[in-house]
Amino acid sequence: MENLSNMMILFGGTGDLAKRKLFPALYNLLRGKALPDNFAIVAIGRREKNNQEYREFIYSFIEEELGINLDKKIWKELSSRIYYLPFSFEDDAGYERLKATLNTLENTYNTQGNRIFYLAVSPEYFGIIVNKIKYHNLIVGEGSWQRVVIEKPFGRDLKTAQRLNKEITSVFSEEDIFRIDHYLGKEMIQNIMVLRFTNTIFEPIWSSQFIDNIQISSSEQIGIETRGGYYEKAGALRDMVQNHMMQLLTLTAMEPPISLDDRSIGYEKLRVLRSLQEYTYEDIFNDIVRGQYDRGIIDGKEVNGYRQEEGVDPSSQTETFVAMKLAINNYRWAGVPFYIRTGKRMTQRSTEVIVEFKRPPEVLFFKEYKYLQPNILVIHIQPKEGVFLRFNAKRPGVQNFIMPVDMDYNRNCLIDGNCPDAYERLIFDIMRGDSTLFAHWDEVEYSWRIVDNISRAWSLHPKEVFKYKAGSMGPSAADELLARDNRKWWDV
């Protein structure tokens, strides 16, 4: 293994992200022999705990996550490398204690001054923490590297995102900033490029000449849980479309990069965003549907509507569902509509990219043509992972009846029994300094420009959001969005 020696400084060490995602990911990296020998982690939180109490606190969540699969030998090795410092993120004295602790531990573990500052905190603390890092000289200097990791949301709009980026880039260079979108760490997201660019049966037909439309859907069964305060300010447009859905769109529509390095891939993703047709005011209200979940049934149980959730305004117009039609104005995709759909409290949890190919000419099949199904390629991202392909064949028998035939490759980690969680891959890439699966600033900026344009129109001319029952696939207006183009959402 290349030299990945580093010290991880985890801000927000007692939060949900740390205990439910990051530490289980570190445990699995150690189990898979992917953690460097020279590694330790210093967690920072506001709760008063000593090292042993904090290790026991984290252990309870890893035990819950892994159950009988927990290897106590591996946990013992990881826990011996975990340290905890309690202090407020604004507390200068705390950063001085952190500085002294890092100097001591870096000698103990020989991490060579390499540091990862992981900000698993609310966005309002990003600027505060990076400025304190600079003020207290926690950036070591030449001969070592220091990287900062921030979780979404990257601002609330373009203006706040620009301000936040200015603060962070005043301390860290762009190549050392890792903006996490955990969707990009999922195995099948990475497989989109592999599927396209390593199979000559797909890439030559990946264009308007053969593709009728592309649908990108991400549905969740859960509601907003305890995030009412956050969601009232964000809504589905900022929470999902600005990041996850735009990233899926760019990976699906991008041109082949000149190489597989992060800059080349980032450049092609950015070209897709630049090619998106700008919404006019009329387009926004014709081609975008926003909805809000109402009371309904999920898994046999009645659940609240959005307006009955804790922390939500009883007359809220915040959207929990967005469906939209987009156009990419370049040679490859001219005339191919991209449909995006995302929402909460829907029928099922599912994320997938569906490519619908054009139908063949009618001349060969006459009356049978109306029964022909178009060829469909589905890339299942979560919770099922795999690829589904539907094509037409003759039904056995003496008559020429045509029937759809399905080929379903359900990956779901059957290849070698090892399916890393998204955070395992992303943390490993941060240690390697590979930002291919992370959002670059130019991508963030362009996606905010698109979202701000929509938000501005909605705020200037608010219209009632469409209600949909919890447990459904969204409001009927989303179906009408496709029906007027003589298309439908695919449920495959």
Side-chain angles (χ1 to χ4, degrees), residues 152-153 181 183-184 186 188-189 192 211-220 234-254 269 272-280 283-293 319-330 333 335-344 346-356 376-382 439 443-444 446-455 457-458 465-466 468 472-485 487-492:
K152 79 172 186 76
D181 182 339
Y183 266 45
L184 297 185
K186 293 183 181 296
M188 286 309 299
I189 293 284
I192 292 175
I211 291 176
D212 179 83
N213 72 89
I214 292 180
Q215 301 174 16
I216 303 174
S217 290
S218 181
S219 60
E220 297 179 279
L237 185 69
R238 291 183 175 92
D239 186 54
M240 287 292 291
V241 174
Q242 184 272 330
N243 40 73
H244 299 329
M245 306 307 287
M246 286 297 173
Q247 289 290 333
L248 282 171
L249 173 70
T250 56
L251 285 169
T252 304
M254 64 185 275
K269 288 163 66 181
V272 174
L273 293 174
R274 285 176 168 167
S275 301
L276 283 172
Q277 180 174 306
E278 188 172 340
Y279 284 113
T280 64
D283 291 336
I284 289 171
F285 291 100
N286 286 339
D287 294 343
I288 303 176
V289 173
R290 53 178 175 158
Q292 186 186 90
Y293 67 82
E319 77 286 351
T320 62
F321 172 97
V322 173
M324 55 201 303
K325 176 182 176 181
L326 302 101
I328 299 175
N329 288 337
N330 63 21
W333 296 115
V336 177
F338 284 73
Y339 300 103
I340 285 177
R341 174 177 61 172
T342 181
K344 291 190 174 294
M346 295 175 74
T347 307
Q348 59 188 358
R349 174 176 174 256
S350 175
T351 301
E352 56 197 14
V353 176
I354 302 177
V355 180
E356 179 181 339
I376 298 289
L377 175 69
V378 184
I379 302 169
H380 292 292
I381 294 165
Q382 70 172 12
E443 298 169 50
V444 174
Y446 262 84
S447 59
W448 269 126
R449 290 184 190 279
I450 296 162
V451 164
D452 273 9
N453 184 34
I454 298 167
S455 296
W458 285 354
V465 295
F466 294 100
Y468 63 96
S472 71
M473 284 304 288
S476 59
D479 297 321
E480 293 162 10
L481 179 67
L482 272 69
R484 73 181 190 215
D485 295 338
R487 298 184 175 98
K488 65 174 183 178
W489 295 105
W490 286 98
D491 182 17
V492 183

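Heavy-atom basis, side chains included; hydrogens, waters and symmetry copies ignored. One-based numbering along the sequence shown.
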With a 4.5 Å heavy-atom cut-off, do Val353 and Ile214 have their side chains touching? yes

Look only at the side chain of Ser447 and the backbone of Asn243, and say whether a donor-acceptor pair between them is shorter than 3.5 Å. no

I need the minimum non-hydrogen distance between Val336 and Ile211, along with the two atoms involved. CG2-O, 3.5 Å

Trp333 side-chain N/O to Ala253 backbone N/O, donor-acceptor pair under 3.5 Å: yes

Once you round to the nearest 0.5 Å, how far does CE of Met246 lie from CE of Met240? 12.0 Å

Name of the residue among Asp287, Leu481, Ile454, Val289 meeting side-chain contact (heavy atoms from CB on, under 4.5 Å) with Met324: Ile454

Specify the closest pair of heavy atoms between Gly474 and Phe321, including all atoms of both residues, with the distance to one decimal. CA-CE1, 3.8 Å

Here the gap from Ile328 atom CD1 to Phe338 atom CZ, rounded to the nearest 0.5 Å, amounts to 4.0 Å

Listed by chain and number, what are the salt bridge (Lys or Arg N to Asp or Glu O under 4.0 Å) partners of Glu443, not counting sequence neighbours? Lys269

With side chains defined as the heavy atoms from C-beta onward, is the minimum distance between Pro337 and Arg487 less than 4.5 Å? yes

Residue pair Met254 / Leu251: nearest heavy atoms and the distance that separates them: CG-O, 3.6 Å

State the CD-CG distance between Glu319 and Leu237, to the nearest 0.5 angstrom. 5.5 Å

Quick check on Asp485: does its CG atom have over 12 non-hydrogen neighbours (other residues, nucleotides or ligands) under 6.0 Å away? yes

Value rounded to 0.5 Å, distance of OG1 in Thr342 from CD in Glu220: 6.5 Å

With the threshold set at 4.0 Å, does a side-chain nitrogen-carboxylate oxygen contact exist between Asp283 and Lys325? no

Which atom of Gln292 lies closest to which atom of Thr320, heavy atoms considered: CA-OG1, 3.3 Å

With a 4.5 Å limit on heavy-atom distance, are the side chains of Arg341 and Trp489 in contact? yes

With a 4.5 Å cut-off on side-chain heavy atoms, are Glu356 and Ile376 touching? yes

Could you tell me whether the side chain of Leu249 reaches within less than 4.5 Å of the side chain of Leu276, counting heavy atoms only? yes

